[in-house]
Participant: 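This structure is in structure tokens; I'll ask about it shortly.
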Amino acid sequence: MRQRIVRRRRMVFTADSVIVDGVATRTGEQGAFGLVTPRQPSWGATVDRLDVGAVSLLRASVRPGAGRLEPDDGERQLVFARVDSGRLEVVPETGPAFSVQGGQMFLYRSTEPYGLLWHEHVEVLLVGVPLELADEFGIRQEAVDGRLRTDSALRAPVLAFLEAMAAIDSAVGPLDAYFLEKLVHEMAAAVLLSNRRVGGIAEESQPGVYDRALSLMTALRADQNLTPERVAGELNVSLRNLQREFSRNGSSVAATLRRLRAELAVQLLTDPQYDVLTIPQVAYYAGFGSAPLMRRALTAHGWGTPAEVRQRRSEGNALGRTGSSR
């Protein structure tokens, strides 16, 4: 399994310098970490940053002022930001400006320039994932800038997970780091897919209960505590209504959740990076309560036993090596 770097840093920005883990560096016109700081002597910001592989989590406290973000060649990230308090204005170079205040979320790209105006003291949580994530789901990169919807069922559980992750220290093992990174990727993708007003452009129809439930279940399927009752609660609908929506689509909430977890289990069993996991560990990380439950789900969906899934992958690799050696 590829080693993932886990690193925590504390950065203090002033009008003319940045201090990283106690080491001060004077900043020029290009700034540091892509941020060109305001030149007002009273301006300042503190940032606690946690990097887990290709994922970055930052907690920032920023004083009032006006600055700008310049493209950072070292990072190509799609950044999800949640404003905890205060108000700021974001001015993309190629799109309409938008303002964000406490309780709202927005997206921006580290590859694009933005003007920033902090109207008051601002507290914000930022999460950066690879920009290519948007490409994987067919979402145009230039369409992501702007505020995120506030009524998504994914909002509360995703933010709760990110808050907890931001609080961990750097003593994270390689396996845990891998899954933390992957969970953030999946949650970010789910938020993107469920957000129907990215860039301020509404789609013709709003997502129904079934679509919202499916997005939520896909994002949280690895959570063993995710049940049909909890899904209904997160969506603020009755379990009866939720079951009715799934029945109209030819399934049930429980059956769909088992299928999603079975698909995740197959991904883990067929990816060589997870060969270090035992079958019970795969069951745990796929959201199943036990290995027998995972075995029954895989068999019911035609994949066979966990050992058979892994064996077919191994046989396929062996055939590929044999064919390439001829």
Participant: Find out if a path of hydrophobic residues (ILVMFWY) with successive side-chain heavy-atom gaps under 4.5 Å connects Leu175 to Phe288.
Facilitator: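 Shared cluster, yes.
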Participant: Counting only N and O atoms by type, is there a donor-acceptor contact under 3.5 Å from the side chain of Ser247 to the main-chain atoms of Gln243?
Facilitator: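 No, because the side chain of Ser247 does not come within donor-acceptor range (under 3.5 Å) of the backbone of Gln243.
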Participant: Would you compute the distance between atom CE of Met217 and atom CG of Leu235 and round it to the nearest 0.5 angstrom?
Facilitator: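 The distance works out to 9.5 Å.
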Participant: Looking only at non-hydrogen atoms, find the nearest pair between Val90 and Pro92 and report the distance.
Facilitator: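 For Val90 and Pro92, the tightest heavy-atom pair comes out as O-CD, 3.4 Å.
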Participant: If you group Ile, Leu, Val, Met, Phe, Trp and Tyr by side-chain heavy-atom gaps below 4.5 Å, do Leu117 and Val62 land in one group?
Facilitator: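 Different hydrophobic clusters.
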Participant: Between Asp275 and Arg310, is there a side-chain heavy-atom distance shorter than 4.5 Å?
Facilitator: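 Yes. Closest side-chain heavy atoms under 4.5 Å.
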Participant: If we ignore hydrogens and angles and just use 3.5 Å, is the side chain of Gln311 paired with the main-chain N or O of Glu308 as donor and acceptor?
Facilitator: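 Flag not set: sc Gln311 to bb Glu308 has no pair under 3.5 Å.
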Participant: Take atom CZ of Arg295 as the centre, draw a 6.0 Å sphere, and report whether it contains more than 12 heavy atoms from other residues, nucleotides or ligands.
Facilitator: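 No, because the 6.0 Å sphere around CZ of Arg295 holds 12 heavy atoms or fewer from other groups.
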Participant: Do Val91 and Leu69 share a hydrophobic cluster (ILVMFWY, side-chain heavy atoms under 4.5 Å, transitive)?
Facilitator: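 Val91 does not cluster with Leu69.
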Participant: Kindly give the heavy-atom pair with the smallest separation between Ala219 and Ala190, and that separation in Å.
Facilitator: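 Heavy atoms of Ala219 and Ala190 come nearest at CB-CB, 3.5 Å.
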Participant: Any luck finding a side-chain donor-acceptor pair between Tyr285 and Tyr274 under 3.5 Å?
Facilitator: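 No, no side-chain donor-acceptor contact under 3.5 Å.
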Participant: Working to the nearest 0.5 Å, report the span between CE of Met165 and CG of Leu125.
Facilitator: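 Between atom CE of Met165 and atom CG of Leu125 there are 11.0 Å.
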Participant: So, do Pro157 and Leu216 sit near enough that their side-chain heavy atoms are less than 4.5 Å apart?
Facilitator: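 Pro157 vs Leu216: side chains touch.
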Participant: Applying side chain to side chain contact (heavy atoms under 4.5 Å, CB included) to Val124 and Val100, what does each step give before you reach the verdict?
Facilitator: CA-CA 11 Å; Val124 61; Val100 195; over 6 Å; no
Participant: Salt bridge check: are Glu123 and Arg59 linked by an N-O gap of less than 4.0 Å?
Facilitator: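 Looking at Arg59 together with Glu123, the answer is no, because their closest N to O distance does not fall below 4.0 Å.
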Participant: What do the steps show when you test Glu186 against Arg221 for salt bridge (Lys or Arg N to Asp or Glu O under 4.0 Å), and what is the final call?
Facilitator: CA-CA 10 Å; Glu186 290 196 356; Arg221 57 185 167 173; 3.7 Å; yes
Participant: Under the 3.5 angstrom rule, does the side chain of Arg63 hit a backbone N or O of Ser42 as a donor-acceptor pair?
Facilitator: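 Answer holds: yes.
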Participant: Stepwise, does the side chain to side chain contact (heavy atoms under 4.5 Å, CB included) test hold for Phe246 with Leu257?
Facilitator: CA-CA 11 Å; Phe246 274 77; Leu257 189 54; over 6 Å; no
Participant: For the residue pair Leu214 and Thr256, establish whether any side-chain heavy-atom pair is separated by less than 4.5 Å.
Facilitator: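 Contact flag for Leu214/Thr256 side chains = yes.
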Participant: How long is the straight-line distance from OH of Tyr114 back to CD of Glu70, given to the nearest 0.5 Å?
Facilitator: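 Reported to 0.5 Å precision, the distance equals 11.5 Å.
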Participant: Show your reasoning for whether salt bridge (Lys or Arg N to Asp or Glu O under 4.0 Å) applies to Arg82 and Glu163.
Facilitator: CA-CA 11 Å; Arg82 194 275 302 275; Glu163 291 278 3; 2.3 Å; yes
Participant: I'd like to know if Glu263 pairs up with Arg258 as an ion pair, taking the criterion as any Lys NZ or Arg NE/NH1/NH2 lying under 4.0 Å from an Asp or Glu carboxylate oxygen.
Facilitator: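 Salt bridge between Glu263 and Arg258, a charged N being under 4.0 Å from a carboxylate O: no.
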Participant: Salt bridge check: are Arg49 and Asp51 linked by an N-O gap of less than 4.0 Å?
Facilitator: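 Salt bridge flag = yes for Asp51 with Arg49.
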Participant: Charged N to carboxylate O below 4.0 Å: is that the case for Arg8 and Asp48?
Facilitator: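 Answer for the salt bridge query: no.
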Participant: Which atoms form the tightest heavy-atom contact between Ile279 and Ala291, and what is the distance?
Facilitator: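 Closest approach of Ile279 to Ala291, heavy atoms only: CG2-CB, 4.2 Å.
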Participant: Can you confirm whether the side chains of Arg87 and Ser99 place a donor and an acceptor under 3.5 Å from each other?
Facilitator: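 The answer is no; no qualifying pair exists.
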Participant: Flag yes if Val122 and Val12 sit in one hydrophobic cluster, no otherwise; membership is Ile, Leu, Val, Met, Phe, Trp, Tyr, and two members link when side-chain heavy atoms are under 4.5 Å apart.
Facilitator: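 Shared cluster, no.
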Participant: Looking only at heavy atoms, what is the nearest atom pair of Val52 and Ala177, with distance?
Facilitator: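 Heavy-atom minimum between the residues: CG1-O, 3.5 Å.
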Participant: Any Lys/Arg nitrogen of Asp21 or Arg10 sitting under 4.0 Å from an Asp/Glu carboxylate oxygen of the other?
Facilitator: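 Salt bridge flag = no for Arg10 with Asp21.
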Participant: To the nearest 0.5 Å, what is the distance between CZ (Phe98) and CZ (Arg147)?
Facilitator: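 Atom-to-atom, Phe98:CZ and Arg147:CZ are 7.5 Å apart.
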Participant: Is the shortest heavy-atom distance from the side chain of Arg248 to the side chain of Val209 under 4.5 Å?
Facilitator: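 Not in contact.
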Participant: If I take atom CG from residue Asn236 and atom CG from residue Leu242, how far apart are they, to the nearest 0.5 angstrom?
Facilitator: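 Here the interatomic distance stands at 12.0 Å.
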Participant: Are any of the side-chain heavy atoms of Val55 and Leu50 separated by less than 4.5 Å?
Facilitator: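 SC-SC contact between Val55 and Leu50 ruled out.
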Participant: Begin with the C-alpha distance, continue with both residues' side-chain angles, and end with the deciding distance and a verdict on side chain to side chain contact (heavy atoms under 4.5 Å, CB included) for Gln77 and Arg109.
Facilitator: CA-CA 6 Å; Gln77 287 191 325; Arg109 294 164 287 160; over 6 Å; no
Participant: Can you check whether Gln267 reaches Leu264 side chain to side chain, under 4.5 Å on heavy atoms?
Facilitator: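 A side-chain contact under 4.5 Å exists here.
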Participant: Which is it for His121 and Ser61 under the side chain to side chain donor-acceptor pair (under 3.5 Å) test, yes or no, and what are the steps along the way?
Facilitator: CA-CA 7 Å; His121 193 108; Ser61 178; 2.7 Å; yes
Participant: Taking Trp303's backbone N and O only, do any of them form a donor-acceptor pair with Arg312's side chain (distance below 3.5 Å, no angle check)?
Facilitator: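 At least one qualifying donor-acceptor pair exists.
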Participant: Is the shortest distance from a Lys or Arg side-chain nitrogen in Asp271 or Arg313 to a carboxylate oxygen in the other one below 4.0 Å?
Facilitator: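 Looking at Arg313 together with Asp271, the answer is no, because their closest N to O distance does not fall below 4.0 Å.
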Participant: Do Thr14 and Ser17 have side-chain N/O donor and acceptor atoms under 3.5 Å apart?
Facilitator: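 Thr14 vs Ser17: donor-acceptor pair found between side chains.
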Participant: Measure the shortest side-chain to side-chain distance between Asn225 and Arg230 over non-hydrogen atoms and say whether it is less than 4.5 angstrom.
Facilitator: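 Yes, close enough: below the 4.5 Å cut-off.
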Participant: What is the distance from atom CD of Gln101 to atom NE2 of His119, rounded to the nearest 0.5 Å?
Facilitator: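 These two atoms lie 10.5 Å from each other.
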Participant: Can you name the nearest heavy-atom pair linking Leu269 to Val309, along with the distance?
Facilitator: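 Reported closest heavy-atom pair: CB-CG1, 3.8 Å.
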Participant: So do Tyr108 and Phe80 actually touch side chain to side chain, heavy atoms under 4.5 Å?
Facilitator: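 No, too far: nothing below the 4.5 Å cut-off.
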Participant: Could you walk me through whether Leu192 and Leu107 pass the side chain to side chain contact (heavy atoms under 4.5 Å, CB included) check?
Facilitator: CA-CA 10 Å; Leu192 275 178; Leu107 288 170; 3.8 Å; yes
Participant: Considering all heavy atoms of both residues, which atom of Val172 and which atom of Leu180 are nearest to each other, and what is their separation?
Facilitator: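 Looking at all heavy atoms of both residues, the closest pair is CG1-CD1, 4.0 Å.
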